[in-house]
Number of protein chains: 2
Amino acid sequence: MTDDAHGTAIRVERPAKTLRELALDKVREAILNGYFRPGDRLVERDLCAQLGVSRTIVREVLRHLESEGLVANLPNKGPIVAQLNHDEAKQIYEIRGALEGMAARLCAEQRNPAIADALDKSLEDIRNSYRDKDMAGVLAHTSSFYQTLFSMVDRHIAWGVVNLLTVRINHLRSMTIKTQNRDVQGPVQMARIVDAIRRGDGEGAYQAAMQHVASASAIAQAVLSGRQPID
Amino acid sequence: MTDDAHGTAIRVERPAKTLRELALDKVREAILNGYFRPGDRLVERDLCAQLGVSRTIVREVLRHLESEGLVANLPNKGPIVAQLNHDEAKQIYEIRGALEGMAARLCAEQRNPAIADALDKSLEDIRNSYRDKDMAGVLAHTSSFYQTLFSMVDRHIAWGVVNLLTVRINHLRSMTIKTQNRDVQGPVQMARIVDAIRRGDGEGAYQAAMQHVASASAIAQAVLSGRQPID
DNA sequence: TACCATATTATGGCCTACCAAGATTATGCA
DNA sequence: TGCATAATCTTGGTAGGCCATAATATGGTA
């Protein structure tokens, strides 16, 4: 009661994540950073030992990652780290294009200068990270750029979908941003999105966002084919 | 060995779903058909008793449904059936529009008459179901229509996303298809999609698909506001 | 030696029982 | 009546065990 009367503005953000959430993050992270490789078996009892938690937790975590698409469950064999093929990667980029394009269009139609300003800030962070060869930073700030795109027009569900799909192509992302010229081309393409938004040009923003994803997809396909992109 | 030598053509499709999958389907179905209403608490031990399975299973099922967005987990209170507000429903329809529009465009660009034929067949099923006042059939065949749209161009990931989002607005779907004139308007709009695909008109197919979802969304908003649509 | 049938092991699916901690409700006393 | 304390409910988490199946090792026989 008294608490409610005082509002919840300064409520401390409970760091009290459950053990399950902690374990989930750990395992997801382990898959994303390559500690577990695609195709690796994820033996429940081994994970219990490695994580120091009970099987209950491990099983829930595996189920969760399964629904995220990071883990596949072979019948009568058990869970393995999911493998992504060319085609699926392409489909994921395509979906991102559709949704990010949609969000970009909505941002442009909002005619709110604060949006473009916020995006510019993320873009600046990305450029700095490229300059410092901080590739983890590039990824993080790129995510932040897109999160801004979605959250500025209150599309948190679409952002959730994009985010969910993005983790599955995480390793591709880290490879595409390292390819030749991407440090220049990437930001240039993203700046086009911001420009269109600032102009209030919905269709232009849509096209620019689509094009950015399309070029990332092309690079990813090249990487997956084992050859470097022609550029 | 001998089995493999004979191929796998007649392999029996394992009905051997795990207990967990069975329970998952049961609970999901119970939520979708309204046995559990939005906001209802889902007490683990009660579910154990009702389903006749252990807490292990129930917990995994609840986690899974949580990641599907059908169940929400209140900290220190436990899981409840997720409630969908206006805005989220609108967002989901919007995403469906973007993805179904994308799929429709791809179908049109395929220039394969078989696609339009297959869609026409689903459309016929929908009309028949409407005629017989078989609303469950309408929903099923509508899903089948869209599944065709995605699977004909091998976009199973996008279909998965649409499917995932669709269960969350299931109750809205059953209400929208029952509104006045929807039995005529719905099929007419879908026929426009098929026509555009048959003509190879990608942009037209995209627009038609978007429009179909948009009108469903508008009806849903009206239903959510408590009033019937003006039509 | 080659081969087949039988243990053994590894592992997932599933269960019961238990404890701790937080929230809620009941209870009893001043 | 009002407040503090106790009982209860429920989830988070643990431990350990049972069973079924698949893969692997083992050993005996032709």
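Reminder, nothing fancy here: chain letters follow the sequence lines and each chain counts from 1.
Between B:L74 atom CG and D:dC9 atom P the separation is 20 Å, expressed in whole Å. One can place CG of A:L19 at 13 Å from C1' of C:dA20, the figure rounded to the nearest angstrom. If you measure from atom CD of B:E21 to atom C1' of C:dC14, you get 14 Å, rounded to the nearest angstrom. Atoms CG (A:L24) and P (D:dG12) sit 14 Å apart, rounded to a whole Å. Rounded to an integer number of Å, the gap from NZ of B:K77 to P of C:dT25 is 8 Å. At whole-Å resolution of the value, CZ in A:R55 and P in C:dT11 are 11 Å apart. Distance B:L62 CG to D:dG12 C1': 13 Å, rounded to the nearest Å. Between the C1' atom of D:dT10 and the CG atom of B:D46 lies a distance of 10 Å, rounded to the nearest Å.
The base of D:dG13 does not come close enough to the side chain of A:R20 for any donor and acceptor atom to sit less than 3.5 Å apart. For D:dG13, the base has a donor-acceptor partner in the side chain of B:R59 [N/O atoms by modelled type, under 3.5 angstrom].
A salt bridge links B:E66 with B:R63: the distance from a Lys NZ or Arg NE/NH1/NH2 to an Asp or Glu carboxylate oxygen falls below 4.0 Å. Ion pair B:E124/B:R127 flagged as a salt bridge, since at least one NZ, NE, NH1 or NH2 atom sits closer than 4.0 Å to an Asp/Glu carboxylate oxygen. Ion pairing of A:R168 with A:E68 is absent here, as no side-chain N (NZ or NE/NH1/NH2) approaches a carboxylate O to less than 4.0 Å.
Which of D:dG12, D:dT10, C:dG13 sits closest to the side chain of B:R41 comes down to D:dT10. Taking every side-chain heavy atom of B:I57 into account, C:dC15 is the closest of C:dT11, C:dC15, D:dA23. Of the candidate nucleotides C:dC15, D:dT10, D:dA15, D:dA15 has the atom lying nearest to any side-chain atom of A:S54.
Using modelled atom types, one finds no donor on one side chain facing an acceptor on the other under 3.5 Å when comparing A:D46 with A:Q50. Counting only N and O atoms by type, the side chains of A:S144 and A:Q147 include no donor and acceptor under 3.5 Å apart.
Toward the 5′ end of DNA chain C lies the nearest nucleotide of A:E44, the other residue of the pair B:G52 and A:E44 mapping further downstream. Heavy-atom nearest nucleotides on DNA chain D were determined for B:G78 and for A:V53, and the one closer to the 5' end corresponds to B:G78.
Contact annotation for A:L42: backbone-only contact, meaning every heavy-atom pair under 4.0 Å involves sugar-phosphate atoms and none involves a base.
Between B:R63 and the phosphate of D:dG12, there is a side-chain N or O to OP1/OP2 separation shorter than 4.0 Å. Dashed line: the shortest gap from a side-chain N or O of A:N76 to OP1 or OP2 of D:dT21 is not under 4.0 Å.
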